[in-house]
Amino acid sequence: MELKKTTFSSWSYKKIIEEVQKKSISLTEIGNILKEDSEKLKDLNIFISQDFDQTFTKIPIAIKDNFSIKGKKTTAGSLMLKDYISPINSTVVSRLSKHVDFYGKVNLDEFAAGSFGVTSAFGPTKSPWSKGGFALSPGGSSSGSAAVVAAGLSFFSMGSDTGGSVRLPSAWCGLFGLKPTYGVLSRYGIVDFGSSLDVPGIMTKTLGDCELVFSNLIGKDDKDLTTYDYSPQTSKKRVAVLKEAYYDQVDKSIFESVNKLRSEGYEILEFSSKYLEYALPIYYILASSEFASNLSRYTGVFYNKPENPKKIEDLYNNFRSNYFGEEIKRRIISGNFTIHSSNREGYYNQAKKVLQLLWEEWSIILDKVDAVLMPISKEVPLFKDTINFDPLEMHKMDTYTCFVNLLGIPAMTVPIGLFQDGSPMSIQLISKPMGENLLFEVGKKMDNGFFEKYYGGQE
Amino acid sequence: MSREKYKMSIGLEVHAQINTEKLFSVTSGDLDMPNSNVANFDIAIPGTLPRMNSTAVKKAIDTGLLTNCEIQNYSRFDRKHYFYPDLPFGFQISQFFYPIAKNGFIQLDSGKIAIERIHMETDAGKMIHEPEYSILDFNRLGVGLMEIVTGPDIHSAEEAKAFVEQLILHLKYANSCDCNMEDGNLRFDVNISLSKNEKLGERVEIKNLNSIKFMIQAIEIESNRQIDILESGGVVYQETRGFDADRKETFFMRSKEDAIDYRYMPDGNIPPIVLKTEDIELQRSKLPESPNVRRKNLLDLGVGHEQADFLVNRIDWFDFFKEIIPISKNISQIANFITSDLINLTGDDVKKIRGEYLSFISNTQTNGDISMKNAKFLLEECIKTERNPREIMEEHNLLIIKDIDKIKGLVEEVLRENPQEVLRYKSGKTNLLQFFLGQIIRKTSGRVDPDSTKDILLSCLS
């Protein structure tokens, strides 16, 4: 295992805030270092755009390129939006602007649809982590956000999570990754994927940073009808583990964490889920349907430059054929299939019915505990092995993450150590709606010093 | 006559523009300047999300309540997908699965017309085709529409017209649509089927008729087309047709098989509208009565049929009328004054007369304190000068003379001035009585009561 280190690898967001307050480092210096260090790690292909011409008045950070920043390019990793300049600020950007400046927009799977960070029209991103001299996959779709934080090029970053897009890359890059309760953080200004599943997510090296950024972002947003105010949940000093064994090594870590929590006074429950195995098909039906719908807006009438259309169909057929990537087309076709009137009952409506069963099953256990501990993924694949991916194998990466989006509940990646092959290993904590405070509490108890050990930092 | 063998069944889909801001966005542009009244959300800027215009929802609820619908405790917005340049999202937001209102009706003289559903949806933009290119104007895009769907209960073009007129009245009572057809506030889709028996025939839909006149023409022309087909042994197919107003014909647009699959799906950005029954009832209590109830109430107040019809159809004059009922003595006279005098005197502008003035004039006349002639004079003056009728009355000395001695004096004066006529009267020309009376009325500018004055005249002449 090897992690490419840069100047700020060992600095948490909280630490840089302190140092800036103490004036031991200036914002200009930070900017210069970030510029230099990101130049050194150019081959990771983390950035879609950078802006070091501005005078920083706050700590500079980088953000996933599907968050709109007014007057800036927002490509969503797609050829379709290659030159698109957004007229709006996303609410996440507006709220963060009180604390940080944005110097970079980072790579992602095209329209946030992917698990390896390789479907971007701007080329794939590599993880700063490597194994035997080969770069690892950063995970997707928030590939750039994970890589930029792990590489010490941003003190935290924002991703978006529709089926695991924050948690998976956080796990593969050794970060804390929070997927909040649906509606607790505003979606306004994030390029739409699945309207009932999308949430902005927070990616940090420390749990404290995650908590801090979360507190800066909560609060109902009038621009997003699905948001509401956050109210913390009461701890029951109880956690649950799933009876079903998944991956040997992760299970061992979960066992160790459970012991730690027991010694902290937590009661441990065992829980078995009958419906979890249906989550992935439900997810791909519902998410692809919403995806297909939301991407209907991208036509030659409004985006990019149509090449002299002969007839109106050209503005649709040719244009969408030319500017969407393969994975996007796959999801649009399957999404439109499942909401077609002849299939809706058998697919879309059936998925909603099974989702109801999944919800009923999980709401019982979530009500009893502060968090459920479960794995996210197996060993991290090598970057080179993900380039020519099998779509179905890629979709399976969402197996243990997508049900969280379907249920609208919060979850967090907690980096816990390394697999035997040396790639980062994480545990996923899952809680009830608005149980973020419980995730932070349990996460703190479980934390075994990943940041100190692998980033050389100090919390 | 073969035509009479057929029973025509018509169902209407009326698209009524809700007279408020856009349904899901806030705009403040100039409607006359193309593409100035457009929000980022309207043109589907990535990441923009809808807001909810609760006034529009309230107006749709009011419309449902006034048309006797059941307002639904749960309604929801869905996406209706199709590609067209006037639709930037690639879908229209429409309440397909769960409409806001269901199962209502409007009562016509000819029968009950069922309102199957009322749902809200967004309007598309406007596309103007030139030979070489097309122009898009998004000012109208995203404006809220109510789609009002009737049962196949209408059986003639005249009945369709009567229905639409009644519907317009209901929309005005709900204050939910301005109903200006020139502005495209109301548009109609007509479903027509013909049958020789009670079973409905194959249904043909004629889309996008933008006036009552065109709707009637389209119904007549299309029903004739179908009868001609049926009479010549042909078959009418379920299809969608357009109406060419210049050529006075309907034309084929698409068959049932060509129909687009709209791939309806709930809109995840818009929470469902959940209404408590008590809130719906509270809303009902704030609404005016329906036109039919209003007519009945007016007749019960003693208002004449013609005047009642006028007031039912004219909300502005009704509101004016209603406000002065409590302070007026002669309700039917007030209604008469409005319909026979005020419309002309004010140029049909209710704001040109104050209710209390009309009430004062009517009450004074009803009390016998001024003559009808002077009452009308007062009305005219007080509209013209915008002055208090009491002042005008005093200034012009219009009060009826009630002092018997004074009238007696006036009678004697007139008789003195006309000795010839007195002689002729006494020699049997009794119809000169009217002449004397006329003289007295003229002398007093009508300020005497003709009946009592006549009595005094008679006694003086005998």
Side-chain angles (χ1 to χ4, degrees), chain A residues 66-68 74 76 80-81 84 86-91 111 182-183 186-192 194-198 221-228 286 289-290 292-303 312-313 315-317 320 335-344 348 352, chain B residues 23-26 35 38-54 57 76-93 96-97 124-125 127 129 132-136 138 141 259-274:
Chain A
N66 61 350
F67 285 82
S68 306
T74 300
M80 190 64 87
L81 296 177
Y84 167 70
S86 179
I88 59 166
N89 268 331
S90 58
T91 296
F111 285 108
Y182 182 84
S186 171
R187 291 178 295 121
Y188 182 79
I190 303 172
V191 176
D192 318 62
S195 302
S196 70
L197 305 164
D198 294 344
D221 179 16
D222 290 340
K223 291 176 176 167
D224 179 352
L225 290 172
T226 62
T227 57
Y228 41 83
L286 300 182
S289 301
E290 295 200 349
S293 172
N294 278 327
L295 272 69
S296 305
R297 77 190 69 192
Y298 302 111
T299 68
V301 182
F302 297 95
Y303 293 92
I312 194 158
E313 286 76 16
L315 290 171
Y316 297 98
N317 297 344
R320 285 164 71 85
N336 276 324
F337 175 85
T338 51
I339 51 173
H340 191 278
S341 61
S342 55
N343 306 322
R344 191 190 299 123
Y348 188 89
K352 281 273 172 99
Chain B
L23 197 46
F24 298 118
S25 61
V26 183
N35 292 315
V38 183
N40 285 325
F41 174 77
D42 301 339
I43 51 167
I45 289 294
T48 51
L49 295 171
R51 310 213 188 178
M52 182 62 104
N53 180 349
S54 55
V57 176
R76 191 185 74 190
F77 287 95
D78 303 299
R79 293 176 175 184
K80 176 184 182 177
H81 299 88
Y82 62 93
F83 286 114
Y84 204 65
D86 64 7
L87 194 70
F89 269 107
F91 56 80
Q92 180 193 28
I93 304 174
F96 180 71
F97 292 107
M127 198 168 178
H129 300 286
E132 296 286 311
Y133 54 87
S134 297
I135 307 172
L136 288 159
F138 294 123
L141 177 68
I260 307 161
D261 194 285
Y262 291 122
R263 290 160 286 131
Y264 284 102
M265 188 187 75
D267 192 315
N269 290 327
I270 310 165
I273 299 169
V274 180

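Everything quoted here is computed from the prediction, not taken from an experiment. Each chain gets a letter, A, B and so on, in the order the sequences are listed, and its residues count up from 1. FYI, side chains are in, hydrogens and waters are out, and symmetry mates aren't considered; it's all heavy atoms of this structure.
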Taking all atoms of both residues into account, what is the closest heavy-atom pair of [X] and [Y], and its distance?
{"X": "B/Pro266", "Y": "A/Lys352", "answer": "CG-NZ, 3.9 Å"}
{"X": "B/Arg51", "Y": "A/Leu225", "answer": "C-CD1, 3.9 Å"}
{"X": "A/His340", "Y": "B/Asp261", "answer": "CE1-OD2, 3.2 Å"}
{"X": "B/Gly268", "Y": "A/Thr226", "answer": "O-CG2, 3.7 Å"}
{"X": "A/Tyr316", "Y": "B/Tyr84", "answer": "OH-C, 3.1 Å"}
{"X": "A/Ile88", "Y": "B/Gly47", "answer": "CD1-C, 4.3 Å"}

Any residue meeting salt bridge (charged side-chain N to carboxylate O under 4.0 Å, His left out) with B/Asp267, in chain and number order, not counting sequence neighbours: B/Arg79
Can you list everything that forms a salt bridge (charged side-chain N to carboxylate O under 4.0 Å, His left out) with A/Arg344? Sequence neighbours excluded, please.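 Once residues adjacent in sequence are excluded, A/Arg344 has no partner under the salt bridge (charged side-chain N to carboxylate O under 4.0 Å, His left out) criterion.
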Is the shortest side-chain heavy-atom distance between B/Pro46 and A/Thr74 below 4.5 Å? no
Please flag which part of [X] lies under 4.5 Å from any non-hydrogen atom of chain B: side chain, backbone, both or neither.
{"X": "A/Leu295", "result": "neither"}
{"X": "A/Ser90", "result": "neither"}
{"X": "A/Asp222", "result": "backbone"}
{"X": "A/Phe337", "result": "neither"}
{"X": "A/Ser289", "result": "both"}
{"X": "A/Phe67", "result": "neither"}

Region of [X] that comes under 4.5 Å of a non-hydrogen atom in chain A:
{"X": "B/Tyr264", "answer": "both"}
{"X": "B/Asn269", "answer": "both"}
{"X": "B/Met52", "answer": "both"}
{"X": "B/Phe89", "answer": "both"}

With chain B as the partner, which of A/Ser186, A/Ser196, A/Pro87, A/Ser68 has the greatest number of non-hydrogen pairs under 4.5 Å?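 Most heavy-atom pairs within the cutoff with chain B belong to A/Pro87.
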Heavy-atom pair count under 4.5 Å with chain B, highest-scoring of A/Ile190, A/Asp198, A/Leu81, A/Thr299: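 Most pairs with chain B among the choices: A/Ile190.
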As an exercise: rank B/Pro88, B/Ser134, B/Pro50 by heavy-atom pairs under 4.5 Å with chain A and give me the winner. B/Pro88
[atom1]-[atom2] distance between [X] and [Y], expressed to the nearest 0.5 angstrom:
{"X": "A/Ser293", "Y": "B/Asp78", "atom1": "OG", "atom2": "CG", "answer": "10.5 Å"}
{"X": "B/Arg263", "Y": "A/Asn343", "atom1": "CZ", "atom2": "CG", "answer": "12.0 Å"}
{"X": "B/Asn40", "Y": "A/Lys223", "atom1": "CG", "atom2": "NZ", "answer": "9.5 Å"}
{"X": "B/Tyr262", "Y": "A/Ile339", "atom1": "OH", "atom2": "CD1", "answer": "14.0 Å"}

Would B/Leu136 and A/Val301 count as a side-chain contact (heavy atoms from CB on, under 4.5 Å) if you check the C-alpha gap in whole Å, the side-chain angles of each, and the deciding distance to 0.1 Å? CA-CA 10 Å; B/Leu136 288 159; A/Val301 182; 4.1 Å; yes
For a side-chain contact (heavy atoms from CB on, under 4.5 Å) check, start with the C-alpha distance between A/Phe302 and B/Ile45, then their side-chain angles and the critical distance, and finish with the verdict. CA-CA 10 Å; A/Phe302 297 95; B/Ile45 289 294; over 6 Å; no
